Each structure stands twice: as structure tokens, then as C-alpha cells.
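Each chain gets a letter, A, B and so on, in the order its sequence line appears, and its residues count up from 1. Remember, predicted model here, so these are calculated numbers, not experimental data.
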2 protein chains.
Amino acid sequence: MDNHLSSVKNSCTLLKMFLDSPKEMGVSELSRQLQLSKGAVHKLLATLESEGFIKQNPTNKQYSLGYTLLELGNKVLKDHNLVEFSKQYLQRLSDTTQELTCLCVRDDYEAIYVDRIDSKHPIRFNVDIYRRFPLYATSAARAILAFQEPLFIESILSSGIRTYTAYSMKEPAEVKKRLDIIHANGYEVSENMRNVGVMGIAAPIFDTNGAVNASISMIGPANRVKPSLETMIEHVTTTAREISAQLGYRG
Amino acid sequence: MDNHLSSVKNSCTLLKMFLDSPKEMGVSELSRQLQLSKGAVHKLLATLESEGFIKQNPTNKQYSLGYTLLELGNKVLKDHNLVEFSKQYLQRLSDTTQELTCLCVRDDYEAIYVDRIDSKHPIRFNVDIYRRFPLYATSAARAILAFQEPLFIESILSSGIRTYTAYSMKEPAEVKKRLDIIHANGYEVSENMRNVGVMGIAAPIFDTNGAVNASISMIGPANRVKPSLETMIEHVTTTAREISAQLGYRG
DNA sequence: GTTTAGTGTTCTCTATACGTGAACACTGTT
DNA sequence: AACAGTGTTCACGTATAGAGAACACTAAAC
């Protein structure tokens with residue numbers, strides 16, 4: 001890395017530190033985590049505040065993220081027309097299955113849910129929207145990963161695997177095998193992988209060039225999903241095919 | 001400004017330049033707008049890209065906003081508990097009026113809609129969420145401005161007023177007079193101010209200290225709102241009062 | 001095919017703006 | 001009253017950010 005502007009890099013990591021922290025943080029705490037002098041952090045914060053990226057609470061002097069980030073985040077979503085595009089299909093899938101449905105996209109080496117429609121059932125499962133997770137971690141992500149270049153898959157799996165439940169896959173080879181199955185079937189069904197008692201069904205979305213960078217998925221309690229598993233899979237895969245077709249994919 | 005870290009300031013304005021531009025922009029265009037050398041902008045972009053704040057399209061080499069901004073924007077919303085707090089009230093107001101309802105907050109010298117529930121009618125009005133606008137521009141904003149310090153109001157109005165329609169108020173004095181009325185009534189009703197044929201009803205939300213930094217509003221076509229104007233106003237004001245009470249306001 | 005005008009990228013170099021570290025003014029606690 | 005924590009300010013030297021030119025490439029123009 002010789003193309004890094006240190007102060008810019010610092011402000012970026014500073015902002016991202018708020019993601020896994022409580023709403024407000026002070027200069028001292030931030031300087032400790034950033035391993036930067038208090039004075040430097042203070043200057044960083046002052047600059048970011050004048051630009052609306054950071055807000056200072058006048059009473060306790062603590063800092064928090066500013067509204068400008070809301071504006072920018074919303075612009076990202078607006079520009080990402082796949083979300084608008086898929087919304088109606090996602091809504092219909094939600095109506096027919098009555099379960100949580102998600103739109104997932106790949107961002108480099110990670111996956112993000114960019115849209116979600118909650119289940120109508122009183123007992124329902126939830127996912128964090130806009131949070132990153134590994135490409136092998138959820139059914140939605142695996143439905144994307146399974147259709148990437150072999151070398152890419154290799155590089156993802158070689159860097160090690162985190163397990164979430166006792167039922168999670170532990171070995172990269174195990175994941176690779178499953179990805180092959182997904183590739184052959186054209187969809188993924190998983191149970192207990194990320195959360196116990198939860199089933200996920202996911203299918204890839206192909207763009208004009210036949211590349212897969214997104215997927216749709218349906219997530220629900222196993223006892224509710226299993227009885228009608230076959231029709232559920234049918235609904236998910238056809239929805240994904242419809243979106244792919246709309247994007248110009250001729251498979 | 002002697003507390004400005006130039007490169008940080010530059011990266012902030014660079015990111016904000018995307019707000020009013022098409023999805024993708026190139027180095028040259030950005031360097032022209034920023035009035036910075038191409039080399040410098042390129043380094044800025046490279047740093048921001050490595051942090052996920054910017055994304056480069058591999059085919060046309062153009063740059064766009066990155067998904068990390070989505071994450072950060074969502075965190076802002078999550079931390080802003082007024083939104084979660086008010087959601088049920090906003091939903092109920094939407095159910096009873098069947099019109100677009102909004103939650104508006106003040107951010108320094110501007111206003112932002114931070115939540116919105118769309119009207120169920122086929123013909124409906126829309127507002128941009130998370131975009132800033134002046135504190136005198138919409139009924140929701142004026143419902144906030146009317147309850148600020150006189151000196152603050154003065155400073156807002158003295159910097160000039162932008163008009164949106166032929167019916168918009170043109171003189172600061174005119175706005176000041178209306179703010180006094182809002183303050184006396186405890187709510188605002190406007191027509192044709194921002195968009196012709198559109199009516200807005202807004203009422204302030206008071207926090208524990210009696211300060212107003214938010215408002216709720218109902219927006220709809222004049223022909224649909226006017227016939228039952230009195231009951232509509234009643235619904236909006238009582239909802240605002242309920243939220244204020246929940247926040248600890250004892251008026 | 002060659003020219004041209006645009007692009008994004010890479011390079012060197014120097015003024016300067018960044019980050020350090022210490023001192024400051026507070027606050028609430030011991 | 002001493003203390004330990006906070007956020008803020010400042011002067012100083014060195015790393016570095018930004019300028020500006022050269023580069024590689026593309027796509028249109030002749």
C-alpha cells in the first residue's frame with residue numbers, strides 16, 4: 001500500500017469503528033482504538049463534523065455518526081437499480097411463501113443483504129440488512145459463491161472458515177463439495193447452518209453476461225418450511241429466473 | 001477554518017458530489033469539480049476504494065459510491081431511536097388518513113425526512129427521504145422552525161429564501177409572520193407551497209426539555225385532504241402530542 | 001491507418017499540512 | 001483537596017499530500 005492517504009484512511013476506519021459500537025464514542029476511546037494521538041483524532045472529528053459525517057452531542061461532548069451518511073447511503077441504494085427492479089418479485093415471493101425474503105448481493109469478497117421483506121407470521125426470523133458477511137456463511141451467499149470462478153472460490157475458502165452453529169460446515173473441502181451441488185441444482189437449501197432451527201432456500205440471479213452477483217432467498221423456521229419444501233424451492237427458483245430474464249439473461 | 005484536514009475535507013466533498021450527480025463519475029470530471037489535480041483525486045479515490053467508500057467499475061473505469069456507506073447510513077438510522085419510537089404512531093396515522101405521512105428532523109440549519117409511510121391511494125404524492133431541505137421550505141420543517149429560538153429563526157431567514165412555486169412565500173417577513181401563527185396554533189397547514197396542488201399538515205414533537213427538533217406531517221392532494229381538513233389536523237396534532245408525551249414531555 | 005482528444009494511471013519532487021506529545025481546562029469521583 | 005478521567009489547544013519537525021508532467025490506453029475523427 002503506497003497509494004494510501006493516511007488521514008483519509010484514518011477517517012474511514014474511524015467512521016467504520018462506529019458500526020460495531022454504541023451510538024456515541026469519545027475522543028479518548030477513539031484515539032485508543034485507532035492508535036492515534038488524541039489531538040489528531042480531535043482534528044479528524046472536527047473536520048468530519050464540519051462536513052456532516054460526524055455529530056457531537058453538546059451535553060456530553062461525545063461523538064456519533066452524522067446524517068450526511070444517511071444521504072450517501074440512500075444514494076447508493078438509489079443507484080443500485082437491481083433493488084428497485086427486484087422489489088416487486090421479492091414482494092410476490094413474500095406474499096406466496098409468507099416468509100422472510102431477501103435480496104443479497106456480492107461486494108468483492110463479502111455478501112450483503114440489500115433488501116428484505118419480513119414474514120407476516122408472529123414467530124419470525126430476522127436478518128441484518130446492509131451488514132457484511134462471508135460468502136460461505138448463508139444460503140443466499142453460497143448461491144452466489146457457487147457461480148464464481150473456481151480460482152475465486154479457492155481464494156475465499158483458503159483463507160479459513162468461521163463456524164456459526166454446531167451444524168456449520170467446518171472444512172473448506174466440505175463447503176466446496178456443497179458449492180458443486182448448488183451449481184448443479186441451481187439452488188441451495190440449508191438448515192441450521194447459521195442459526196439453529198432456521199432453513200434457507202436461495203437461488204442465483206444471472207445478469208446479461210451470465211455472471212452471478214446477486215441472489216434471492218427465503219428464510220424461515222424449519223418446522224414451517226419443511227412440510228412444503230418442494231413448492232417453496234419452486235417459488236424461489238422461478239422468482240430468481242424471472243429476475244434474471246428481466247436483466248437480459250438468456251440461459 | 002484552521003482545524004481542517006485538507007485531504008479529509010476533500011474526500012468528504014468528493015463523496016457528497018455524487019449526491020447530485022449520475023451514478024458514476026470519472027477522475028477527470030471529479031478533479032475539475034474539486035479543483036484538484038488528477039493525480040491527487042486518483043489517490044483519494046484509491047484510498048476510499050480500499051475502505052469500501054467508493055467502487056470502481058472495471059469495464060469503464062468510472063467510480064461510484066460504495067456499499068460501506070450503506071452500512072454507515074443504516075447505523076445512523078438504527079442509533080436514531082426516535083425513528084423506531086415513532087414508527088407505530090406514524091403507521092397508525094397513515095392507516096387512519098390513508099395519506100403519505102412523514103417523520104422530519106432538524107439537522108443544524110436544515111431539515112431531513114427520516115421516515116415515511118406511503119399513501120395507499122393510486123394517485124399519491126412522494127417525498128425524497130434523507131435529502132436535506134431548508135427549514136422554511138415544507139410544512140414539516142416550518143413546524144420545527146416555529147419553535148426555535150428567535151435569534152435562530154432570524155439567522156435562518158436572513159440568509160435569503162428560495163421559492164419553489166408561484167404560491168411560495170417570497171419575503172422573510174412573510175415567513176416570520178406565518179411561523180408566529182404556527183407557534184400559536186401548534187400546527188401548520190399549507191397548500192401549494194412546495195408543490196402545486198399539494199397540502200401538508202404538520203405538528204411539532206417536543207422532547208423532555210420542551211425542545212422541538214422533529215415533527216410529523218401528512219401530505220396529500222388538496223382535493224382529497226380539504227374536505228376533511230379539520231379531522232385530518234386533529235389526527236396529526238394528537239399523534240404528535242402522543243409521541244411528545246412518550247418522549248417525556250409534560251406540556 | 002493515422003491523428004487527435006479525451007481518458008485513467010504513474011511518477012518525481014517540495015512546500016506544507018499532518019500527527020506527535022505535552023500542556024490546558026474542565027468534569028466527576030475518591 | 002487530590003485525583004483520574006475527559007475534551008481541547010498548541011508549537012514543532014517530519015512524513016506526506018498535492019502539483020504537474022509523462023505515460024498508456026481508448027474511441028472517435030479525418
Please report the distance, rounded to the nearest Å, between [atom1] in [X] and [atom2] in [N].
X: Leu30(B); N: dT7(C); atom1: CG; atom2: P; result: 11 Å
X: Leu5(A); N: dA19(D); atom1: CG; atom2: P; result: 12 Å
X: Lys9(B); N: dC18(C); atom1: NZ; atom2: P; result: 11 Å
X: Leu48(B); N: dA17(D); atom1: CG; atom2: P; result: 12 Å
X: Leu44(A); N: dA17(C); atom1: CG; atom2: P; result: 16 Å

Check the phosphate of dA15(D) against Ser6(A), side-chain N and O only, distance under 4.0 Å to OP1 or OP2. Yes or no?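 For Ser6(A), the contact criterion (side-chain N or O under 4.0 Å from OP1 or OP2 of dA15(D)) is not met.
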Quick check on dA17(C): is either OP1 or OP2 less than 4.0 Å from any side-chain nitrogen or oxygen of Ser7(A)?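 For dA17(C), OP1/OP2 do not have a side-chain N/O of Ser7(A) under 4.0 Å.
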Give a yes or no on whether the backbone of Ile144(A) and the side-chain of Gln148(A) come within a donor-acceptor separation of less than 3.5 Å.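 At least one qualifying donor-acceptor pair exists.
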Does Lys176(A) reach the main-chain N or O of Leu157(A) with its side chain, forming a donor-acceptor pair under 3.5 Å?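 Absent.
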For the student: nearest non-hydrogen atoms of Ala146(A) and His183(A), plus distance: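 Scanning both residues, the minimum pair turns out to be O-ND1, 2.9 Å.
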Atom of Tyr67(B), atom of Val76(A) and distance for their closest heavy-atom approach: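 Scanning both residues, the minimum pair turns out to be CD2-CG1, 4.2 Å.
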Hey, could you give me the OG1/CZ distance between Thr13(B) and Phe18(B), rounded to the nearest 0.5 Å?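 Those atoms lie 11.5 Å apart.
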Value rounded to 0.5 Å, distance of OH in Tyr63(B) from CG in Leu30(B):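 Answer for the OH-CG pair, Tyr63(B) versus Leu30(B), is 9.0 Å.
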Distance between the C1' atoms of dT9(D) and dG28(C), in whole angstroms?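 Those two atoms are separated by 22 Å.
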Rounded distance in Å between the P positions of dA17(D) and dT20(C):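 Rounded to whole Å, the distance is 13 Å.
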Could you run down the sub-3.5 Å N/O contacts of the protein with nucleotides 3-9 of chain D?
from	atom 1	to	atom 2	distance (Å)
dT6(D)	OP1	Arg32(A)	NH2	2.8
dT6(D)	O5'	Ser28(A)	OG	3.4
dG7(D)	OP1	Val27(A)	N	2.9
dG7(D)	OP2	Val27(A)	N	3.4
dG7(D)	OP2	Ser28(A)	N	2.9
dG7(D)	OP2	Ser28(A)	OG	2.6
dG7(D)	N7	Lys38(A)	NZ	3.1
dG7(D)	O6	Lys38(A)	NZ	3.4
dT8(D)	OP1	Gln56(A)	NE2	2.9
dT8(D)	OP2	His42(A)	NE2	2.9
dT8(D)	OP2	Tyr63(A)	OH	2.6
dT8(D)	O5'	His42(A)	NE2	3.0

Salt bridge or not for Arg131(B) and Asp20(B), using N-O below 4.0 Å?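 Salt bridge flag = yes for Asp20(B) with Arg131(B).
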Do Glu188(B) and Arg178(B) sit within salt-bridge range, that is, some charged N less than 4.0 Å from a carboxylate O?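 The answer is yes: the pair qualifies as a salt bridge.
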What stem regions, each of at least 3 consecutive Watson-Crick or G-U pairs below 3.5 Å, can be found for DNA chain C?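 DNA chain C forms these stems: C:1-17 with D:14-30, C:19-25 with D:6-12, C:27-30 with D:1-4.
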Could you label the plane-to-plane angle of the Phe206(B) and Tyr249(B) rings as parallel, tilted or perpendicular, counting under 30° as parallel and over 60° as perpendicular?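 Correct class here is parallel.
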